[in-house]
Amino acid sequence: MAAFKPFSGFFVLSVFLLFAFNPTDGQGQLEVGFYKKTCPQAEAIIKNVTDYVMKVAPTLGAPLMRMHFHDCFVRGCEGSILLSSPTNQAEKDAIPNQSLRGFQVIDNAKVELEKACPGVVSCADTVAIVARDVTVKLGAERWEVETGRRDGRVSNITQASNEVLSPFLNITQLISGFQKKGLSVKDLVVLSGGHTVGTSHCFSFGSRMYNFTGKGDTDPSMDRKYIPYMKKKCNATDVTTLVALDPGSFKTFDTNYYTLVAKRRGLLHSDAALLDNPETRAYVIQATTHKSTFFKDFGVSMVRMGRIGVLTGSAGEIRRVCSKVN
């Protein structure tokens, strides 16, 4: 999975479509504790970095969590979101990725990893572990991260631009996009819960209030009493203001996101769409009760997402610096 970035509401989810590889390629070669012999302190080193970041800059938590989504859904979980190039525009330059923040956190963690275990821990694994650690700091239940990914050598702005699922898609399109990644309907509704933290720009959802069908109308799926409140947050031409995806607790990982969606107050059209399918709707309703399994489910779905298109074995490389190939 909801930062879910001028397109920070994209799962933000951030959700991507990619047709070039088998979503499950290589997943059997990942394992919990991959570095237990080659760099046993790897996760502790990363946690030290993220603990400090979350102490001094906790708002980086949501974008760092979403960075893992952005990485995995374009070319697979192989660190291509981190690459920069003076001659070729990379994934991070695409509009859906421009409001990702925290790249320096990954760089800092990598510096410390290279001091302890040169050439061992991949940038892709670093992104996955950081995503887990910051999410736990925000209030999530801890999950074990499978590791053993290697880093890719290609990062292309066009792929990132073309492969983002729009926040305006309906539930059928969203389900199809997830299934093309080897992810289930349940993964879709669970990972959408990532929108319990973070923010999104007004233009990612402004049309729902001002021009839903191009006739100056509002989205009929949004609570009518909620629309005036949202109009106070964003005017019709606002492209800069950030609005909380989960007003009231956008800094805390909890189930309030689902409560808002159930009340037809989900911020993005893709949030509201979760009520349009029996399975996703049932999960939304269940997540608002004391019997919710969301915290456990989120970790399970993050592990499943973390297997998308991974490079293992001798494929790719272990970058020494995450922003450039060796």
Side-chain angles (χ1 to χ4, degrees), residues 1-2 11 14 23-54 60-73 75-82 100 102-103 105-110 112-114 116-117 120-152 181-183 187 190-191 193-194 197 253 294-313 315-316 318-319 322:
M1 267 50 138
F11 229 7
S14 263
T24 60
D25 277 351
Q27 70 182 48
Q29 299 176 64
L30 298 180
E31 60 179 285
V32 174
F34 180 82
Y35 299 110
K36 60 187 175 184
K37 293 183 179 180
T38 55
C39 191
Q41 66 271 52
E43 292 199 27
I45 290 170
I46 294 171
K47 187 176 185 300
N48 285 339
V49 173
T50 55
D51 282 352
Y52 176 76
V53 168
M54 292 301 287
L60 286 177
L64 282 167
M65 176 185 71
R66 291 190 180 116
M67 190 180 294
H68 189 32
F69 290 100
H70 286 243
D71 185 35
C72 290
F73 278 90
R75 303 188 65 84
C77 311
E78 38 72 87
S80 54
I81 187 64
L82 306 171
L100 280 179
F103 290 101
V105 176
I106 307 299
D107 292 338
N108 291 343
K110 181 61 172 173
E112 297 304 312
L113 289 166
E114 286 296 300
C117 315
V120 173
V121 182
S122 69
C123 297
D125 279 343
T126 303
V127 169
I129 296 168
V130 166
R132 187 271 310 279
D133 289 350
V134 297
T135 308
V136 169
K137 278 291 186 181
L138 291 168
E141 186 174 302
R142 190 180 189 277
W143 66 90
E144 296 292 341
V145 176
E146 295 177 341
T147 46
R149 301 169 189 82
R150 289 171 64 85
D151 299 320
K181 298 296 185 186
L183 299 176
D187 291 323
V190 169
L191 293 175
V197 291
F253 193 93
F294 169 60
F295 279 67
K296 178 181 178 182
D297 294 340
F298 190 80
V300 171
S301 289
M302 287 290 279
V303 169
R304 284 170 50 79
M305 185 193 71
R307 298 168 178 166
I308 297 174
V310 296
L311 302 176
T312 59
I318 303 297
R319 283 188 227 133
C322 289

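For the salt bridge (charged side-chain N to carboxylate O under 4.0 Å, His left out) test, no residue two or more places apart in sequence or in another chain qualifies with Arg319. For Glu114, the salt bridge (charged side-chain N to carboxylate O under 4.0 Å, His left out) criterion is met by Lys110, not counting sequence neighbours. Scanning for ring-ring contact (aromatic ring centres under 6.0 Å, His included) contacts around Phe294 gives Phe253, Tyr258, Phe298, with sequence neighbours left out.
Between Thr147 atom OG1 and Lys36 atom NZ the span is 10.0 Å, to the nearest 0.5 Å. Note: Asp71 CG to Met305 CE = 8.5 Å, rounded to the nearest 0.5 Å. For the atom pair CD1 (Ile45) and SG (Cys39), the distance works out to 5.0 Å, reported to the nearest 0.5 Å. Ile308 CD1 to Arg149 CZ: the interatomic distance, rounded to the nearest 0.5 Å, is 10.5 Å. Between the OG1 atom in Thr126 and the CD atom in Glu112 there is a gap of 12.0 Å [rounded to 0.5 Å]. Here the straight-line distance linking atom CD1 of Ile106 with atom CG of Leu64 works out to 5.5 Å at 0.5 Å rounding.
Of all the heavy atoms in Ala131 and Thr135, the pair that sits closest is O-OG1, 2.5 Å. The two residues Ala42 and Tyr35 make their nearest non-hydrogen contact at CB-CB, 4.4 Å. Residues Gly306 and Cys77 come closest through the heavy atom pair O-SG, 3.5 Å. Of all heavy-atom pairs spanning Leu138 and Gly61, the tightest one is CD1-C, 3.9 Å.
Ion pairing between Arg132 and Glu43 holds under the 4.0 Å rule for side-chain N and carboxylate O. Electrostatic pairing of Asp187 and Arg304 counts as a salt bridge here, judged by a charged N lying under 4.0 Å from a carboxylate O. For the pair Glu31 and Arg307, the salt-bridge criterion is not met [side-chain N within less than 4.0 Å of a carboxylate O].
No side-chain heavy atom of Met65 sits less than 4.5 Å from a side-chain heavy atom of Val130. Side-chain contact between Leu113 and Ile46: present, with at least one pair of heavy atoms (C-beta onward) separated by less than 4.5 Å. At least one side-chain heavy atom of Phe73 sits under 4.5 Å from a side-chain heavy atom of Leu183. Considering only heavy atoms from C-beta on, Glu141 stays 4.5 Å or farther from Val136 through its side chain. Val145 is not listed as a side-chain neighbour of Val303, based on a closest heavy-atom distance of 4.5 Å or more. When side chains are defined from C-beta on, Phe103 counts as touching Met67, because their heavy atoms get closer than 4.5 Å. Using a 4.5 Å cut-off on side-chain heavy atoms (C-beta onward), Ile81 and Leu100 make contact. Residues Ile318 and Val121 have side chains not in contact (no heavy-atom distance under 4.5 Å, counting atoms from C-beta outward).
Within the 3.5 Å criterion, the main-chain N or O of Ser122 finds no donor-acceptor partner in the side chain of Asp151. Panel note: side chain Arg150, backbone Leu311; no donor-acceptor pair is recorded below 3.5 Å.
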Residue pair Met302, Val190: steps toward the side chain to side chain contact (heavy atoms under 4.5 Å, CB included) verdict: CA-CA 9 Å; Met302 287 290 279; Val190 169; over 6 Å; no

Stepwise side-chain hydrogen bond (donor to acceptor under 3.5 Å, both in side chains) test for Asn108 and Tyr52: CA-CA 11 Å; Asn108 291 343; Tyr52 176 76; over 6 Å; no

Output, in order, the C-alpha distance, side-chain angles, deciding distance and verdict of side chain to side chain contact (heavy atoms under 4.5 Å, CB included) for Asp51 and Lys137. CA-CA 8 Å; Asp51 282 352; Lys137 278 291 186 181; 2.9 Å; yes

Evaluate the criterion salt bridge (Lys or Arg N to Asp or Glu O under 4.0 Å) for residue pair Lys47 and Asp133; output intermediate values, then yes/no. CA-CA 6 Å; Lys47 187 176 185 300; Asp133 289 350; over 6 Å; no

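Screening Val134, Asn48, Val105 for a side-chain contact (heavy atoms from CB on, under 4.5 Å) with Val53, the sole residue that qualifies is Val105.
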